Amino acid sequence: MFALIDCNNFYASCERVFNPKLEGQPIVVLSNNDGCIIARSNEAKAYGISMGVPYFKVKKTIIDKSIIVRSSNYALYGDMSSRVMKIISEYSPSQEIYSIDESFLNLSGIKINLHLHMHNLRNKVKKCTGIPVSIGLGNTKVKAKIANKIAKKYHSFGGVFNIDDLAHNRYCKLLQSLEVSDVWGIGRKSGIKLNKSSIQTAFDFYKSDIGIIETIMGVNGARIHKEMHGYSCMEIEEVMSAKKQIVSSRSFGVDLSSYDEINEALTILARRAITKLNKENQMTESLGIFIYTNPFRKQINQKTLSKSIGLLQPTSNEEIIIPLISIMLREIYEVGHNFYKGGVFMSNLTNGLYQEDLFLEQKNIQKNAVLDSKYKKFIKFGSELGSQKWLPKSNFRSNRYTTNWNELIIAN
DNA sequence: TCTGGGGTCCTAGGACCC
DNA sequence: TCTGGGGTCCTAGGACCC
């Protein structure tokens with residue numbers, strides 16, 4: 001038996017925990033650069049604000065309905081997430097942290113009343129962190145996901161719903177009430193393809209021949225089909241596997257056109273990527289950058305520029321990486337465009353600890369070789385002290401209550 | 001005027017080899 | 001030189017997730 005524990009309107013709920021006056025108020029949280037709506041309280045949903053919609057498109061509704069707006073505050077959400085996850089872990093020896101606000105538990109072998117066990121979990125998370133969660137139970141992950149939707153939708157279940165409590169005909173009925181693309185793993189594109197084969201609802205999918213599903217969707221579709229029939233194909237992944245790539249990118253606060261301004265932005269983004277790399281104890285064997293103009297603007301002269309290189313030795317050394325970023329940018333940069341977004345990426349990551357010992361000497365040789373080369377003139381760490389024009393907008397940010405000394409809540 | 005960021009996995013097709 | 005088939009490896013792009 002699997003449980004999926006999902007925080008309700010997570011970012012909006014986090015904002016409420018630290019500002020109880022927001023309780024009962026409609027509230028939305030914006031993406032980076034205050035671009036899109038990425039979280040909504042139930043009250044905001046009721047006003048028809050949809051997920052992912054650009055802020056400017058719903059600004060009128062937000063003002064008319066006095067909806068409260070927050071810029072995203074990931075330091076706060078990340079910290080709240082780890083508190084929630086820690087409590088969840090007390091309820092089963094086998095936990096998978098699936099995302100910042102979702103966790104699977106494997107409940108097989110737990111002999112006590114699961115329903116009660118999960119209600120206890122829910123109450124404890126609420127009491128200790130202030131975050132409300134919904135819990136779906138099922139004998140596969142896909143079914144637990146569906147159950148979670150029901151737990152969220154119908155308050156009469158008290159936030160916990162076990163889909164395997166349903167008789168078969170009730171289960172079928174439930175599936176009939178869901179669009180096929182509401183099922184976990186079936187997205188918009190596959191939904192359209194399935195619709196063309198007269199598969200509209202989750203129930204149509206369920207009763208379709210698995211061979212047809214596999215033809216349309218490949219092995220993923222077949223796996224989802226099996227899981228809906230109660231055959232578990234997806235295990236709990238307790239250990240977080242090492243990252244395979246790292247991307248650090250941002251929409252700029254204002255469009256950038258000069259080399260120096262873009263270099264400043266990419267330098268900081270590269271530092272963020274290096275920080276992630278170090279946190280993971282990894283090194284990278286390849287490095288890339290990209291910049292592009294605003295794809296939403298109806299201009300003929302759209303530009304997407306990118307470059308990536310392989311490194312002779314894996315590295316996590318900023319003295320190697322940052323100059324290379326500037327060099328690559330120099331190679332792709334073109335005058336006369338308004339760049340809207342840019343980023344740095346690393347792939348072919350290898351275990352840093354192991355490589356460190358093995359290649360220390362070579363690394364230093366390589367580092368010196370790079371620095372002594374014609375590229376040396378490009379080294380400019382001072383680039384980070386530029387105008388900061390590129391910094392994303394964040395006009396509605398709440399305080400970082402839990403992670404920043406200057407913004408702690410001081411109890412009287 | 002104003003449109004997020006960071007991941008994973010699968011697949012098709014090309015290059016290459018025997 | 002022509003012709004055939006099968007296998008591996010790599011990469012780019014697509015689809016999905018939150």
Side-chain angles (χ1 to χ4, degrees), chain A residues 4-11 28-39 50-60 62-63 69-74 77-78 81 96-104 141-142 145 148 180-194 214-224 233-234 237 240-255 269 272-273 275-277 279-280 285-286 288 290 292-299 304 306 308 310 338 340-349 392-396:
Chain A
L4 174 67
I5 297 100
D6 190 332
C7 300
N8 299 348
N9 314 327
F10 183 54
Y11 298 165
V28 295
V29 178
L30 304 181
S31 64
N32 266 309
N33 215 18
D34 293 342
C36 296
I37 310 286
I38 51 166
S50 41
M51 183 66 177
V53 70
Y55 171 56
F56 74 88
K57 285 192 180 173
V58 288
K59 202 166 174 180
K60 189 174 182 310
I62 284 173
I63 292 168
V69 180
R70 287 282 181 270
S71 301
S72 43
N73 184 344
Y74 291 103
Y77 311 149
S81 173
E96 172 182 344
I97 296 173
Y98 177 68
S99 74
I100 194 166
D101 70 335
E102 277 179 62
S103 181
F104 283 103
K141 281 181 159 183
V142 167
K145 269 277 192 180
N148 190 280
V180 69
S181 51
D182 286 342
V183 177
W184 185 44
I186 305 177
R188 226 188 85 249
K189 290 287 169 84
S190 299
I192 292 168
K193 275 194 225 166
L194 291 164
E214 184 152 5
T215 309
I216 298 172
M217 284 187 67
V219 296
N220 275 332
R223 205 158 53 197
I224 294 164
C233 322
M234 307 181 195
E237 287 166 35
M240 223 148 357
S241 45
K243 279 196 206 317
K244 298 187 172 74
Q245 63 171 40
I246 286 172
V247 180
S248 177
S249 71
R250 280 293 178 280
S251 301
F252 306 134
V254 294
D255 285 355
L269 291 171
R272 298 174 63 100
T275 303
K276 288 186 209 172
L277 201 56
K279 213 166 155 184
E280 296 266 320
E285 279 185 54
S286 78
F290 62 87
Y292 55 75
T293 52
N294 190 337
F296 299 101
R297 201 162 288 171
K298 301 280 175 272
Q299 60 188 29
T304 298
S306 70
S308 66
N338 294 319
Y340 158 85
K341 179 171 176 170
V344 171
F345 55 91
M346 299 168 170
S347 45
N348 295 349
L349 305 187
K393 285 177 281 212
S394 184
N395 293 328
F396 312 97

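As the structure is a computational prediction, the values presented were derived from the model and not from experiment.
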K.L.:
Look at the side-chain N and O atoms of A/Y98 and state whether any lies under 4.0 Å from the OP1 or OP2 oxygen of B/dT8.
P.N.:
no
K.L.:
Heavy atoms from C-beta onward define the side chain here; which of B/dG7, B/dG6, B/dG4 lies closest to that of A/I38?
P.N.:
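The nucleotide sitting nearest to the side chain is B/dG4.
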K.L.:
Atom CG in A/L30, atom OH in A/Y55: separation rounded to 0.5 Å?
P.N.:
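Spacing of CG (A/L30) from OH (A/Y55) equals 6.5 Å.
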K.L.:
Which one, C/dC18, B/dG4, C/dC16, comes nearest to the side chain of A/K189?
P.N.:
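Taking heavy atoms from C-beta onward, the closest nucleotide is C/dC16.
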K.L.:
Given B/dT3, is OP1 or OP2 found less than 4.0 Å from the side-chain N or O atoms of A/S31?
P.N.:
no
K.L.:
Does the side chain of A/S308 pick up a donor-acceptor pair with the side chain of A/S286 at under 3.5 Å?
P.N.:
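Side-chain D/A pair, A/S308 to A/S286: absent.
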K.L.:
Is there a Watson-Crick or G-U wobble partner for C/dG7 with both distances under 3.5 Å, and which nucleotide is it?
P.N.:
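Paired with B/dC16.
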K.L.:
Is a donor on one side and an acceptor on the other found under 3.5 Å between the side chain of A/S249 and the backbone of A/G342?
P.N.:
no
K.L.:
Taking only the side-chain nitrogens and oxygens of A/R297, find out if one of them lies under 4.0 Å from OP1 or OP2 of B/dT1.
P.N.:
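Result: no.
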K.L.:
Between A/R223 (CZ) and B/dT8 (C1'), how many Å, whole number?
P.N.:
11 Å
K.L.:
Report yes if a side-chain nitrogen or oxygen of A/K59 is closer than 4.0 Å to either non-bridging phosphate oxygen (OP1 or OP2) of B/dT1; otherwise report no.
P.N.:
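Indeed not, no polar side-chain atom of A/K59 lies that close.
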K.L.:
Starting at atom OH of A/Y55, determine the distance to atom C1' of B/dT3, rounded to an integer number of angstrom.
P.N.:
13 Å
K.L.:
Measure from the side-chain N and O atoms of A/N33 to the backbone N and O of A/F252, and report whether any donor-acceptor pair falls under 3.5 Å.
P.N.:
yes
K.L.:
Quick check on B/dG5: is either OP1 or OP2 less than 4.0 Å from any side-chain nitrogen or oxygen of A/K341?
P.N.:
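So the side-chain polar atoms of A/K341 do come within 4.0 Å of the phosphate oxygens OP1 or OP2 of B/dG5, strictly under.
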K.L.:
Measuring to OP1 and OP2 of C/dC18, would you say a side-chain N or O of A/K145 lies under 4.0 angstrom away?
P.N.:
yes
K.L.:
Can a side chain N or O of A/S190 be found less than 4.0 Å away from OP1 or OP2 on C/dC16?
P.N.:
yes
K.L.:
Can a side chain N or O of A/K243 be found less than 4.0 Å away from OP1 or OP2 on B/dG7?
P.N.:
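For A/K243, the contact criterion (side-chain N or O under 4.0 Å from OP1 or OP2 of B/dG7) is met.
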K.L.:
Please check the phosphate of B/dG5 (OP1 and OP2 only) for any side-chain N or O of A/S251 closer than 4.0 Å.
P.N.:
yes
K.L.:
In this structure, how many angstroms lie between the P atom of B/dT8 and the CE atom of A/M240, rounded?
P.N.:
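One finds 11 Å between P of B/dT8 and CE of A/M240, rounded.
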K.L.:
Are a donor atom and an acceptor atom from the side chains of A/T293 and A/N338 found within less than 3.5 Å of each other?
P.N.:
no
K.L.:
Send over the distance from A/I100 CD1 to C/dC18 P, rounded to a whole Å.
P.N.:
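Rounded to the whole Å, the gap is 14 Å.
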K.L.:
OP1, OP2 of B/dT8 versus side-chain N and O of A/K244: anything below 4.0 Å?
P.N.:
no
K.L.:
Counting only side-chain heavy atoms from C-beta out, which of B/dC10, B/dT3, B/dG7 sits nearest to A/V247?
P.N.:
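From the listed options, B/dG7 comes nearest.
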K.L.:
Does A/K276 place a side-chain N or O at less than 4.0 Å from the phosphate oxygens OP1/OP2 of B/dG7?
P.N.:
yes
